[in-house]
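Worksheet: one structure, shown below.
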Amino acid sequence: MSTSPSPTTVPEARARIDEINERVVELLAERQAIVDALCELKADAERTVRDPEREAELLAHVRSVADEAGLPPTLAETLFEEILAHSVERQRRQRADGAAGPSAEEPSAEEPADKATGAVSTCGAQA
């Protein structure tokens, strides 16, 4: 994937890892901003936060990309499951704070109440 030469010293390797970590965080922040926008779009369309079919597709795709890149698919899947969980919770809070879309008090037929908070949200977490 990388066209950069392999590091030849421990400090060089650590510096490269630090750079990659920063890029990963920046990409996660970019993803989060897009998910926030998607939340609003879903609220406007009165759609639920969770889309199990989309989430399954996303995780299958992530596993495939990881496998092609030589990364253990289970590692990628675990990371993205955590990212999805964070997105769902953030959007449920966003929906509750904005009181947009369907009521946050009654679960719809599509979206059961959150087990931990009882909150219901209708904006999209899958991206």
Side-chain angles (χ1 to χ4, degrees):
M1 290 199 126
S2 176
T3 59
S4 302
S6 294
T8 58
T9 66
V10 169
E12 184 181 327
R14 287 180 176 162
R16 296 253 320 267
I17 288 171
D18 290 344
E19 290 171 10
I20 292 167
N21 291 344
E22 288 177 19
R23 290 192 337 239
V24 168
V25 170
E26 290 168 358
L27 289 170
L28 286 170
E30 181 180 348
R31 185 187 193 283
Q32 181 173 280
I34 294 168
V35 169
D36 287 348
L38 179 60
C39 180
E40 291 181 29
L41 294 168
K42 290 276 198 148
D44 291 344
E46 296 187 0
R47 296 189 54 186
T48 60
V49 169
R50 307 263 338 260
D51 181 343
E53 185 176 311
R54 167 63 179 150
E55 291 174 14
E57 290 170 1
L58 181 149
L59 293 173
H61 179 70
V62 164
R63 288 181 61 85
S64 175
V65 170
D67 190 46
E68 290 173 16
L71 186 70
T74 55
L75 172 61
E77 182 176 31
T78 299
L79 291 171
F80 275 85
E81 286 172 338
E82 186 64 28
I83 291 167
L84 286 171
H86 176 269
S87 293
V88 167
E89 182 57 32
R90 177 179 175 86
Q91 289 175 64
R92 285 184 171 153
R93 284 191 313 267
Q94 182 178 347
R95 179 55 64 86
D97 291 347
S103 170
E105 301 198 12
E106 301 249 349
S108 71
E110 280 186 307
E111 180 68 8
D114 182 288
K115 292 178 185 167
T117 66
V120 174
S121 176
T122 60
C123 51
Q126 57 290 345

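For this chain, numbers begin at 1 and follow the sequence in order. Scope of the values below: all heavy atoms of this structure, side chains included, with no hydrogens, waters or symmetry mates.
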**Residues Leu58, Arg54; criterion side chain to side chain contact (heavy atoms under 4.5 Å, CB included); working and verdict** = CA-CA 6 Å; Leu58 181 149; Arg54 167 63 179 150; 4.1 Å; yes
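- The structure places CG of Leu41 at 11.0 Å from CG of Asp36, a figure rounded to the nearest 0.5 Å.
- Looking only at distances, a side-chain donor or acceptor of Ser87 sits under 3.5 Å from a matching main-chain atom of Ile83.
- Between the CZ atom of Arg31 and the CG atom of Leu38 there is a distance of 9.5 Å, given to the nearest 0.5 Å.
- Between Ala66 and Pro72, the shortest heavy-atom contact is CB-O, 4.3 Å.
- Cluster membership for Leu79 and Leu71, using ILVMFWY side-chain heavy atoms within less than 4.5 angstrom, is shared.
- Residue pairs satisfying the salt bridge (Lys or Arg N to Asp or Glu O under 4.0 Å) criterion with at least one member in residues 20-30, sequence neighbours excluded, are absent.
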Check step by step if side chain to side chain contact (heavy atoms under 4.5 Å, CB included) holds for Gln94 and Glu40. CA-CA 9 Å; Gln94 182 178 347; Glu40 291 181 29; 3.9 Å; yes
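- Residue Leu84 is grouped with residue Val24 when hydrophobic side chains (ILVMFWY) are merged at heavy-atom distances under 4.5 angstrom, including chains of intermediate members.
- Cluster membership for Ile20 and Phe80, using ILVMFWY side-chain heavy atoms within less than 4.5 angstrom, is shared.
- Hydrophobic clustering keeps Leu59 apart from Val65 (ILVMFWY residues linked when any side-chain heavy atoms are closer than 4.5 Å, directly or through intermediates).
- For the salt bridge (charged side-chain N to carboxylate O under 4.0 Å, His left out) test, residues two or more places apart in sequence or in another chain that qualify with Glu77 are Arg63.
- Ser6 and Arg16 get closest at one heavy-atom pair: C-NH1, 4.0 Å.
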